[in-house]
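So the structure is just underneath, and the comments pick up after that.
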Amino acid sequence: MTDTLIFDSDWLTPEQIQLDGKTINYLAAHDIQYVQHPVAAIQRLNVFVPAAYENGGTVNGYTRDTAPIFMPNTVGGYFPGPADDPTRTQWPNNAATIKQALKRGYVVVSAGLRGHTTVNESGQRVGQAPAFIVDMKAAVRYVKYNQARLPGNVERIITNGTSAGGATSALMGASGKSKFFEGALTSLGAAPATDDIFAVSAYCPIHNLEHADMAYEWQFDGINDWNRSQPVAGSMKNGRPKFEPITGTLSASDQSLSADLKRQFSDYLNGLQLHDANGQALTVSPDGTGTFQNYLVQLLTDSAQTALDKGVDIHKYAGFTVTNGKVTGLDLKAYLTSLTRMKAVPAFDQLDLGSLENRLFGDATVLNRHFTSFSQEHTTVKAQLAEPELVEAVNPLTYLTGKQSAKMAQHWRIRHGAADRDTSFAIPIILATVLQNQGRDVDFALPWDIPHSGDYDLGELFAWIDGLCQ
């Protein structure tokens, strides 16, 4: 192994930030190459260490050797996720998260990850799947390879991300030591270490893409008006575009496709053989009803009750019945109608290859590809179908259901807002339930009135991490 992958502690230099009127002193090393043969400039990482550890001090009960290593990413929409910094202001960033993590005593490592728009020096596309997860694995391997030189406990690595970044975090937790990625990691010259991790924090993970269209129609079939925001061309400011609202109504053909996908979801869901904490089978009938739907109703009712107990007026959304301060019923269709549909049909594998996920599964020669046989069969444009083994490889459920072997994280914290319309509630529920059925430690909730977003409850997140690591 060449010296290019050896971390030099002299790279750590003093920096400071202000947080809640107090100064946080830390050491930082920036722009570190984490593979021997990078194919894009983004493949670098930053390291941040509480300054107290330099002189043998403690923070929050942690020492230089025992501090958890927190690895957040900035991936969204499967676009490139740049390495982050507590002083970063350009979008995307999790600067506030890193500041709080340093205050808590964590070592923070933020790696830049390729996305579907990444190109190399020659202008060739090098960021389609599975690039995002290959880079994340390489970054973890770099950290583990340097365990004697980097502060922090490599047996306590926790990943964190939102949306596609949440999917990245979840996939890291599910696919440790997977053989599928070895060729790509070897080609990059990744460090000779493992890439399994200790714990996963995933906010609204956009994953399980080959079944996400079915799940979306199981939830929204019969709700035909949709609305969402889209970026305005040429409106970039500080790295972030402005957005404008757009609306539409499903055509008769769209509605027929929705019904077909809804029926397919029952076969998929029932094949998972899920059960709740009491051992009751969670199933779906072709019409969409069943114990799995009842389980969703209970989760949403619990979320509403928690909000009601805090004095929140839950009737912002329709469908809830409240009696003597208790949520006693939920008309799910009424709730979903007031929540509103966000996406047309199919929600992810669009028939015109127009989604970000279609671009994710492109390659060096084809910009966009379908990733489900359903959309390939109904495509409205000339299209290719991505290799099924590739699509499966970037789905955490592939490993959790035993289709491919891997070493999995034991501890999981999954959050999906009760007002999140980007993917079906079924998708995170399936992930959490499969994990629970396997006996893994899972903290799962649908927080009330939270849209598609993350890092909104850092106190609770870090308390969860401390509960695992202290």
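Given the structure is predicted, the values throughout are model-derived calculations rather than measurements.
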Atom CD of Gln376: over 12 foreign heavy atoms under 6.0 Å: yes
Step through the shown structure and confirm whether more than 12 heavy atoms of other residues, nucleotides or ligands are within 6.0 Å of CD on Glu121. no
What pairs of residues pass the ring-ring contact (aromatic ring centres under 6.0 Å, His included) test when at least one of them lies in residues 383-442, not counting sequence neighbours? Phe198-His411, His416-Phe425
Quick check on salt bridge (charged side-chain N to carboxylate O under 4.0 Å, His left out): which of Arg341, Lys262, Lys343 does Glu217 satisfy it with? Arg341
For Phe79 and His116, take the angle between the two ring planes, folded into 0 to 90°, and tell me which bin it lands in: parallel under 30, tilted 30 to 60, perpendicular over 60. tilted
Would you call the rings of Phe220 and Tyr216 parallel, tilted or perpendicular, where under 30° means parallel and over 60° means perpendicular? tilted
Test item: Asn358 side-chain N/O and Gln350 main-chain N/O as donor-acceptor pair under 3.5 Å: yes
So, the side chain of Asp213 versus the backbone of Ala347: is there a donor-acceptor pair under 3.5 Å, distance only? yes
Run the side-chain donor-acceptor check on residues 41-48: report pairs under 3.5 Å with partners two or more places apart or on a different chain.
{"unit_1": "Gln43", "atom_1": "OE1", "unit_2": "Val39", "atom_2": "N", "d": "2.6"}
{"unit_1": "Gln43", "atom_1": "OE1", "unit_2": "Ala40", "atom_2": "N", "d": "3.1"}
{"unit_1": "Gln43", "atom_1": "NE2", "unit_2": "Asp135", "atom_2": "OD1", "d": "2.9"}
{"unit_1": "Arg44", "atom_1": "NH1", "unit_2": "Asp31", "atom_2": "O", "d": "2.9"}
{"unit_1": "Asn46", "atom_1": "OD1", "unit_2": "Asp31", "atom_2": "N", "d": "2.9"}
{"unit_1": "Asn46", "atom_1": "ND2", "unit_2": "Asp84", "atom_2": "O", "d": "2.8"}

So, Tyr456 versus Tyr203, ring centres under 6.0 angstrom or not? yes
I'd like to know whether the aromatic ring centres of Phe70 and Phe462 sit less than 6.0 Å apart in this structure. yes
Pick one: which of Glu357, Gln384, Glu387 meets side-chain hydrogen bond (donor to acceptor under 3.5 Å, both in side chains) with Arg369? Glu387
Is Lys403 salt-bridged to Glu389, cutoff N-O under 4.0 Å? no
For residues 177-205, which residue pairs pass the salt bridge (Lys or Arg N to Asp or Glu O under 4.0 Å) check, not counting sequence neighbours? Lys137-Asp195, Arg141-Glu182, Arg141-Asp195, Lys144-Asp196, Asp196-Lys407
